[in-house]
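The next block holds one structure in the form of C-alpha cells; read it before the comments.
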Amino acid sequence: MEVILLMAMTVDGKIARNQMELVNWTGSKDKQYFVKITRNAGVVIMGSKTFDTIGHPLPGRKNIVLTRDKTRKSDDSSLVFTDQAPAQILADLKRQGFEQAALIGGSVINSLFAKENLITQIHLTLVPAVFGQGLSLFNTSLDLSLAYETCKEIEKGHLLLIYKVIPHV
Ligand SMILES: NC(=O)c1ccc[n+]([C@@H]2O[C@H](COP(=O)([O-])OP(=O)(O)OC[C@H]3O[C@@H](n4cnc5c(N)ncnc54)[C@H](OP(=O)(O)O)[C@@H]3O)[C@@H](O)[C@H]2O)c1
C-alpha cells in the first residue's frame, strides 16, 4: 500500500505555528496539488487536531481521523474516527480496495506512521516562509532514508519536492 505523506513546510521545517492553525499560508498551486493527490488516492488519514482545523470532512474522499476520544462518532461511511493502529488502518483500507492513502498530518500522526515505517513517499511543498517556532514535520526521533525523485517550482518560490522512502531491509 502506498502511503503518501503530503505536507507543506516552511523553509525552517515548520508545518504550523501551533496545534490549532489552519493551513492557509501555502498558496493556490499547493492547494491544487493537495486536491489532485488526495482525490486520486481516495482516502486521507489525519489526526484529530488537523481534522479540527479543517472543520469538516474533505468531500469526495474517505476521511480517517485518528482520535482516542470515544465520544467522537460518525454515521457517514466517508468519515471514520478510529484509534486503530496505523498498520491495521492500512490493512482495512487495502481490503476495501484502496491502493494509496494520503497521510495529511499533523506532526503527531506523521510520526506515528513514520515510526512504523509505513510511509512510502513524501511530497513536500517548501513554502518561502519562516515561522521560527511551531510544529515540525515530525515530533520524534526517526531514521528514514529517502531517495530523491523530483523537484518542481509550482508557484514563484514554492518548491514541490518528491522523495521515496527507502524501505528498511
Ligand atoms: N503544513 C501542513 O501541510 C499541515 C498539514 C496537516 C496539519 N497541519 C497542522 O498541524 C497541526 C496539528 O498537528 P498535531 O501534530 O498537533 O496534531 P494531529 O497529528 O493532527 O492530531 C493529534 C491527535 O491525534 C490523536 N492521536 C494521537 N495518537 C493517537 C493514537 N495512537 N491513536 C489514536 N489517536 C491518536 C489524538 O487525538 P485526541 O486528542 O482526539 O485523542 C491527538 O490529539 C495543525 O495546526 C494543522 O494545521 C499542517
Side-chain angles (χ1 to χ4, degrees), residues 3-41 43-59 61-74 79-93 100-119 121-142 144 151-152 154-155 157-163 165:
V3 177
I4 303 173
L5 177 63
L6 184 59
M7 300 294 291
M9 192 177 83
T10 63
V11 169
D12 59 335
K14 303 299 178 202
I15 63 159
R17 291 185 180 84
N18 59 61
Q19 276 195 333
M20 281 93 66
E21 189 185 35
L22 178 66
V23 185
N24 60 2
W25 44 270
T26 63
S28 61
K29 295 292 178 197
D30 174 67
K31 286 198 188 77
Q32 283 168 22
Y33 187 73
F34 179 90
V35 171
K36 181 176 131 188
I37 294 291
T38 56
R39 283 197 180 266
N40 189 44
V43 56
V44 290
I45 302 172
M46 72 193 101
S48 73
K49 298 285 183 280
T50 295
F51 179 72
D52 291 342
T53 63
I54 300 170
H56 56 81
L58 297 174
R61 288 144 282 187
K62 190 178 184 85
N63 289 241
I64 309 270
V65 179
L66 279 120
T67 178
R68 295 190 185 92
D69 182 351
K70 300 281 187 202
T71 66
R72 296 192 89 158
K73 289 190 169 58
S74 157
L79 174 62
V80 177
F81 293 104
T82 184
D83 63 355
Q84 282 187 313
Q88 188 61 52
I89 293 172
L90 297 180
D92 285 354
L93 288 172
Q100 281 191 350
L103 180 63
I104 62 162
S107 188
V108 171
I109 294 308
N110 294 348
S111 305
L112 205 60
F113 278 72
K115 268 190 285 188
E116 298 193 20
N117 296 313
L118 294 170
I119 299 172
Q121 298 180 31
I122 298 181
H123 297 207
L124 265 187
T125 300
L126 198 63
V127 177
V130 169
F131 290 170
Q133 285 186 331
L135 275 64
S136 300
L137 197 56
F138 300 105
N139 72 350
T140 190
S141 160
L142 292 167
L144 298 185
C151 176
K152 187 177 170 198
I154 54 171
E155 189 168 337
H158 296 234
L159 301 181
L160 172 63
L161 292 152
I162 299 184
Y163 297 92
V165 179

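These figures come from a predicted structure and were not determined experimentally. Positions are given from 1 along the sequence. In each ligand, atom 1 is the first atom listed, and ligand 1 is the first ligand listed.
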Can you list the atoms of ligand 1 that are under 4.0 Å from a heavy atom of [X]?
X: W25; answer: 1 (N)
X: L112; answer: 30 (C), 31 (N)
X: S48; answer: 21 (O), 23 (C), 24 (O), 36 (C), 37 (O), 38 (P), 39 (O), 40 (O), 43 (O)
X: A8; answer: 1 (N), 2 (C), 3 (O)
X: T53; answer: 44 (C), 47 (O)
X: G47; answer: 18 (P), 20 (O), 21 (O), 24 (O)

When you check the gap from the basic side-chain N to the acidic O, do R72 and D52 get nearer than 4.0 Å?
->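 Looking at D52 together with R72, the answer is yes, because their closest N to O distance falls below 4.0 Å.
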Of all the non-hydrogen atoms in the protein, which one sits nearest to [atom], and at what distance?
atom: atom 8 (N) of ligand 1; answer: V23 CG2, 3.8 Å
atom: atom 24 (O) of ligand 1; answer: L66 O, 3.5 Å
atom: atom 9 (C) of ligand 1; answer: A16 CB, 3.7 Å
atom: atom 6 (C) of ligand 1; answer: I104 O, 2.9 Å
atom: atom 34 (N) of ligand 1; answer: T67 N, 3.2 Å
atom: atom 18 (P) of ligand 1; answer: G106 N, 3.5 Å
atom: atom 10 (O) of ligand 1; answer: I15 CD1, 3.8 Å

Per-residue contact class, T26 against ligand 1 - non-hydrogen pairs under 4.0 Å =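 Under 4.0 Å from ligand 1, T26 contributes no heavy atoms.
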Proximity to ligand 1 by part of F81, non-hydrogen separation under 4.0 Å =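 For F81, no heavy atom sits under 4.0 Å from ligand 1.
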Under 3.5 Å donor-acceptor, [X] side chain and [Y] backbone:
X: S74; Y: V80; answer: no
X: E155; Y: K29; answer: yes
X: D30; Y: T26; answer: no
X: N63; Y: L58; answer: yes
X: T50; Y: M46; answer: no

Polar contact flag for [X] and ligand 1 (N/O pairs, less than 3.5 Å):
X: L22; value: no
X: L135; value: no
X: I109; value: yes
X: N18; value: yes
X: T50; value: yes

Does M46 have a non-hydrogen atom less than 4.0 Å from ligand 1?
->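 For ligand 1, residue contact (heavy atoms, under 4.0 Å) with M46 is absent.
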For D12, salt bridge (Lys or Arg N to Asp or Glu O under 4.0 Å) partners two or more places apart =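 Expected list: none.
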Partner residues of R39 under the salt bridge (Lys or Arg N to Asp or Glu O under 4.0 Å) criterion, sequence neighbours left out |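 None.
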Whether over 12 other heavy atoms sit under 6.0 Å from K31 NZ |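 Correct, the count exceeds 12.
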Would you say the side-chain atoms of [X] and [Y] include a donor-acceptor pair closer than 3.5 Å?
X: T67; Y: D69; answer: no
X: H123; Y: Y33; answer: yes
X: N139; Y: S111; answer: yes

Among R68, K49, E21, which one has a heavy atom closest to atom 39 (O) of ligand 1?
->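 Ranked by closest heavy atom to atom 39 (O) of ligand 1, first place is K49.
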To which of K14, R17, M7, Q19 does the heavy atom nearest atom 12 (C) of ligand 1 belong?
->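 The residue whose heavy atom sits nearest atom 12 (C) of ligand 1 is Q19.
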Let me see the working for I45 and I104 under side chain to side chain contact (heavy atoms under 4.5 Å, CB included), right down to the final yes or no.
-> CA-CA 6 Å; I45 302 172; I104 62 162; over 6 Å; no
Would you give the length of the straight line joining atom CD1 of I89 to atom CG of L66, rounded to the nearest 0.5 angstrom?
->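 Atom-to-atom, I89:CD1 and L66:CG are 4.0 Å apart.
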